Chemist: 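Got a structure here, written out as structure tokens. Questions coming.
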Amino acid sequence: MTDEELMRRAIELALAGINSNTGGPFGCVIARDGIVVGEGSNEVTSTNDPTAHAEVVAIRDACAKLNSFQLEGCVVYASCEPCPMCLGAIYWARPQRVVIAANRHDAADAGFDDAFIYQELCGNDLEARTVPITTLLRDEALKVFQHWTAMSNKIEY
């Protein structure tokens, strides 16, 4: 399938999702060599899962089908520019590239404004964020990282 066909499928998933009332107007397709290996639409409201964005649903689907925690050689087609959470998940999955249709400003115009999250992540100290973040038991947590670092049989990602 071509980039255009795969993006049209992502847009179809977005429309189908809102028509079936499973979540917001977002769809995502993941393909390798032009063949769909995963897809999803927003399922936040139908699953009561704030992480069930279309991209995360599609990543979970693709990784399960590929039996891998990485999307090497894959392309992510998102009906809209991924939010910060989804962008983080995409980076962790390590696809070859991402193709979007609408952008974050288009999403904001439709009532999905992630600008405050970008601001929180880039501009505020931990203690000054809307959801304050404090540190507790750091030394104990560092021991876990030291154990991980010393392991010879770990699966790195």
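A quick note: this is a predicted structure, and the numbers were derived from the prediction, not measured.
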Chemist: Which atom names give the shortest non-hydrogen contact between Ile155 and Trp148, and what distance separates them?
Modeler: O-CH2, 3.5 Å
Chemist: Which distance, rounded to the nearest 0.5 Å, do you find between the CD of Glu5 and the CD of Glu12?
Modeler: 10.5 Å
Chemist: Check whether Phe69 forms a cation-pi arrangement with Arg94 (NZ or CZ under 6.0 Å from the six-membered ring centre, at most 45° off the ring normal).
Modeler: no
Chemist: Is a donor on one side and an acceptor on the other found under 3.5 Å between the side chain of Asp114 and the backbone of Ile117?
Modeler: no
Chemist: Got a sec: does the CG of Asn21 have more than 12 other heavy atoms crowding it under 6.0 Å?
Modeler: no
Chemist: Supply the atom-to-atom distance Arg138 CZ to Glu140 CD, rounded to the nearest 0.5 angstrom.
Modeler: 13.0 Å
Chemist: Is the shortest heavy-atom distance from the side chain of Leu13 to the side chain of Cys28 under 4.5 Å?
Modeler: no
Chemist: Within a strict 4.5 Å, meaning less than it, do heavy atoms of the Val76 and Val99 side chains meet?
Modeler: no
Chemist: Is there a side-chain contact between Gln70 and Trp92 (heavy atoms, below 4.5 Å)?
Modeler: no
Chemist: Indicate yes or no for a side-chain donor-acceptor contact from Glu81 to the backbone of Arg104 under 3.5 Å, with no hydrogens or angles considered.
Modeler: yes
Chemist: Would you say Ile11 and Val98 are hydrophobically clustered, going by side-chain heavy atoms of ILVMFWY under 4.5 Å?
Modeler: no
Chemist: What is the minimum heavy-atom distance between Val29 and Ala10, and which atoms define it?
Modeler: CG2-N, 3.6 Å
Chemist: State, with a plain yes or no, whether a side-chain heavy atom of Thr51 is found less than 4.5 Å away from one of Arg60.
Modeler: yes
Chemist: Show your working on side-chain contact (heavy atoms from CB on, under 4.5 Å) between Ser41 and Thr22 and close with a plain yes or no.
Modeler: CA-CA 8 Å; Ser41 60; Thr22 59; 4.2 Å; yes
Chemist: Distance from Met151 atom CE to Gln146 atom CD, nearest 0.5 Å?
Modeler: 14.5 Å
Chemist: Can you find a heavy atom in the side chain of Met1 that is under 4.5 Å from one in the side chain of Leu6?
Modeler: yes
Chemist: Show the nearest heavy-atom pair for residues Ile18 and Gly23, with the distance to one decimal.
Modeler: CG2-O, 3.5 Å
Chemist: Would you find more than 12 non-hydrogen atoms of other residues, nucleotides or ligands less than 6.0 Å from Tyr91 atom OH?
Modeler: no
Chemist: I need the minimum non-hydrogen distance between Ala58 and Gly40, along with the two atoms involved.
Modeler: CB-N, 3.8 Å
Chemist: Does Lys143, at its NZ atom, have more than 12 non-hydrogen atoms belonging to other residues, nucleotides or ligands within less than 6.0 Å?
Modeler: no
Chemist: May I ask you to say whether Asp3 pairs ionically with Arg97, meaning some side-chain N is under 4.0 Å from a carboxylate O?
Modeler: yes
Chemist: Between Ser79 and Ala101, what is the shortest heavy-atom contact and its length?
Modeler: O-CB, 3.3 Å
Chemist: Any side-chain heavy-atom pair from His53 and Cys83 closer than 4.5 angstrom?
Modeler: yes
Chemist: Going from CZ on Phe112 to CG on Asn42, what distance comes out if it is rounded to the nearest 0.5 angstrom?
Modeler: 7.0 Å
Chemist: I want to check something: taking the side chain as every heavy atom from C-beta on, are Glu43 and Asp49 in contact at a cut-off of under 4.5 Å?
Modeler: no
Chemist: Can you tell me if CG on Asn67 sees more than 12 non-hydrogen neighbours from other groups inside 6.0 Å?
Modeler: no
Chemist: May I ask whether Val75 and Met7 are part of the same hydrophobic cluster, defined by side-chain heavy atoms of I, L, V, M, F, W, Y residues being less than 4.5 angstrom apart, directly or through others?
Modeler: yes
Chemist: Roughly how far apart are Asp106 CG and Asn103 CG, rounded to 0.5 Å?
Modeler: 4.0 Å
Chemist: If you take all heavy atoms of Val56 and Ala89, which pair is closest and at what distance?
Modeler: CG2-CB, 4.3 Å
Chemist: Within the side chain of Asp113, is there an N or O that forms a donor-acceptor pair under 3.5 Å with the backbone of Ala108?
Modeler: no
Chemist: When you check the gap from the basic side-chain N to the acidic O, do Lys65 and Asp61 get nearer than 4.0 Å?
Modeler: yes
Chemist: Which value, rounded to the nearest 0.5 Å, describes the distance between Gln96 atom CD and Asp33 atom CG?
Modeler: 8.5 Å
Chemist: Do Leu71 and Ile30 make a side-chain contact, defined as non-hydrogen atoms from C-beta onward lying under 4.5 Å apart?
Modeler: yes
Chemist: Determine, step by step, whether Leu66 and Glu72 satisfy the side-chain contact (heavy atoms from CB on, under 4.5 Å) criterion, reporting the C-alpha distance in whole Å, the side-chain angles of both residues, the deciding distance to 0.1 Å, and the verdict.
Modeler: CA-CA 10 Å; Leu66 295 172; Glu72 185 177 325; over 6 Å; no
